[in-house]
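A short worksheet on the structure shown next.
The first residue in the sequence is number 1, and the count goes up from there. Keep in mind that the numbers below use all heavy atoms, side chains included, and drop hydrogens, waters and symmetry copies.
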Amino acid sequence: MKITRLKTWQVPPRWLFLKIETDEGCYGWGEPVIEGRAATVEAAVHELSDYLIGQDPHRIEHLWNTLYRAGFYRGGPILMSAIAGIDQALWDLKGRDLGVPVHQLLGGAVRDKMRMYAWTGGDRPSEVGAGAKALVEKGFTAFKMNGTPEMQIVDSHRKVDEAVARVREARDAVGPDVGIGIDFHGRVHRPMAKALLRELEPFHPMFVEEPVAPEHLPCLKDIAGGLGYPLATGERLHTRFQFRDLLQDGMIDIIQPDISHCGGISEGLKIAALASAYDVALAPHCPLGPLTLAASLQLDAVSHNAFIQEQSMGIHYNQGNDVLDYLVDKTALSITDGFCAIPQGPGLGVEIDEAFVEERAKTGHRWRNPVWTHEDGSIAEW
């Protein structure tokens, strides 16, 4: 069997789908994308196709190393996201060819279903209490909210008080037993994070995510020691080597690699195993589409340290289309009582409606994240 073609589609709301085809009619799907840079990642996928056409798709580890090493320059969000989607598609193809789900090829599942969480409150968080209560009524036992809108590097304590009030509102709405993830989104700089991290402690967060931007993670040793709740990060880290350095530092309790940004299932598996050696939990980042979610669930299935999975059904970014719209069988990723069964179909366990993909690709997208400014006109972290 030889790879003959790589086909890509940009589809609403902000996703890129990839299909790898072979001379024997077997195929696989993946989702290589960086939010807001879909066209750039798409170009990288087609550049990398020079290393793939004519090759045996079953040699996934060899092809991964070829894509990663043969170009000399490596790492970063664009290249690793392109590799990630290709890797997902190769695993999907192999599972389809052998008639088994990917998790069977990775040693077999350690769990039958995965605990899931959902988003509430939007980019500038509001009405978080009502939103959180509605999610709990749907069966979710955990949710995530943005902690704060934009915040200056040194801001008024009023911003801290407002963030704390929103978390208090959410906790009061759902009670003590529901998990609350609070995403700082890298918006909170060291001077303000020092105060805000401490003041959130009485509300017992499930975790605080991206407590500072990834380039400032070393400061956590000084500002976050002794906190009584977990810290999480990793969506903007792209290789096992970056996670190695993070884990050695000892300040993160939960890693959140994105299986469409960190080199795919192959690299995600190595990152998860590395985290387990430090007794660190796994909670893959996934505000993306059905293929990223399906790939994440295949990794969750075989990772004992995985404890919860993000998903983006109904998220505020999903304008025009949502996660399940692109599936032939929408029950493959259905969530019941806050859990999603590990997909048991061949490959990633989902079947993409290619005709619908073709139709929506005619609309496509040019999604960009919001560009925020502070009152003085300087750029704010989104």
Side-chain angles (χ1 to χ4, degrees), residues 18 28-35 41 45 60-65 67-68 74-95 101-111 114-116 209 214 232-247 252 254-278 280-312 333 340 342-343 347-350:
L18 162 69
W29 288 85
E31 195 170 332
V33 69
I34 277 282
E35 302 93 300
V41 178
V45 167
I60 297 174
E61 188 69 16
H62 172 67
L63 292 176
W64 195 98
N65 277 285
L67 297 174
Y68 182 77
R74 56 189 67 165
I78 302 303
L79 287 174
M80 295 307 291
S81 296
I83 291 172
I86 292 168
D87 181 80
Q88 292 168 15
L90 291 173
W91 279 110
D92 188 41
L93 189 156
K94 188 165 188 170
V102 168
H103 64 77
Q104 289 285 15
L105 302 175
L106 301 177
V110 302
R111 57 178 52 85
M114 191 67 192
R115 186 185 180 200
M116 312 294 284
E209 178 175 334
T233 198
E235 69 189 71
R236 289 191 273 183
L237 304 180
H238 308 293
T239 68
R240 78 194 83 149
F241 310 110
Q242 290 177 301
F243 280 95
R244 174 198 62 194
D245 298 342
L246 174 70
L247 291 163
I252 289 294
I254 302 165
I255 59 162
Q256 300 172 303
D258 189 305
I259 308 306
S260 278
H261 301 338
C262 76
I265 294 170
S266 295
E267 188 76 346
L269 189 66
K270 297 176 177 69
I271 291 166
L274 184 63
S276 73
Y278 288 87
V280 166
L282 172 70
H285 179 255
C286 184
L288 292 167
L291 291 158
T292 309
L293 179 55
S296 299
L297 288 166
Q298 296 295 331
L299 178 62
D300 294 329
V302 299
S303 301
H304 192 270
N305 54 334
F307 85 104
I308 201 165
Q309 175 61 57
E310 181 176 22
Q311 53 81 35
S312 72
L333 295 176
C340 183
I342 302 299
L348 296 180
V350 296

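Using a 4.5 Å cut-off on side-chain heavy atoms (C-beta onward), Leu299 and Leu269 make contact. Counting heavy atoms from C-beta outward, Trp64 and Leu90 have side chains that stay 4.5 Å or more apart. You'll find the side chain of Leu348 reaches within 4.5 Å of the side chain of Ile265, heavy atoms only. Side-chain contact check for Ile254 versus Phe307: some heavy-atom pair is nearer than 4.5 Å.
Panel note: side chain Gln88, backbone Ile259; a donor-acceptor pair is recorded below 3.5 Å. A distance-only check finds a donor-acceptor pair linking the side chain of Arg111 to the backbone of Ser303 [under 3.5 Å]. Judged purely by atom type and a 3.5 angstrom limit, Gln298 has no side-chain atom pairing as donor or acceptor with the backbone of Pro101. No side-chain donor-acceptor contact under 3.5 Å links Ser81 to the backbone of Pro32. A donor-acceptor distance shorter than 3.5 angstrom exists from the side chain of Gln309 to the backbone of Pro284, with no hydrogens or angles considered.
Residues forming a side-chain hydrogen bond (donor to acceptor under 3.5 Å, both in side chains) with Glu235 (at least two apart in sequence, or on another chain): His285. Every residue two or more places apart in sequence or in another chain that forms a salt bridge (Lys or Arg N to Asp or Glu O under 4.0 Å) with Asp92 is listed here: Arg96. For Ala275, the side chain to side chain contact (heavy atoms under 4.5 Å, CB included) criterion is met by Leu247, Ile255, Val280, Asn305, not counting sequence neighbours.
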Would Arg74 and Leu79 satisfy side-chain contact (heavy atoms from CB on, under 4.5 Å), going step by step from the backbone distance to the final call? CA-CA 7 Å; Arg74 56 189 67 165; Leu79 287 174; 5.5 Å; no
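Across every non-hydrogen atom of Met114 and Leu297, the tightest pair is CB-CD2, 3.8 Å.
Only one option out of Arg236, Glu35, His238 pairs with His261 in a side chain to side chain donor-acceptor pair (under 3.5 Å); it is Glu35.
Side-chain contact annotation: Glu31 with Thr292, donor-acceptor N/O pair under 3.5 Å present.
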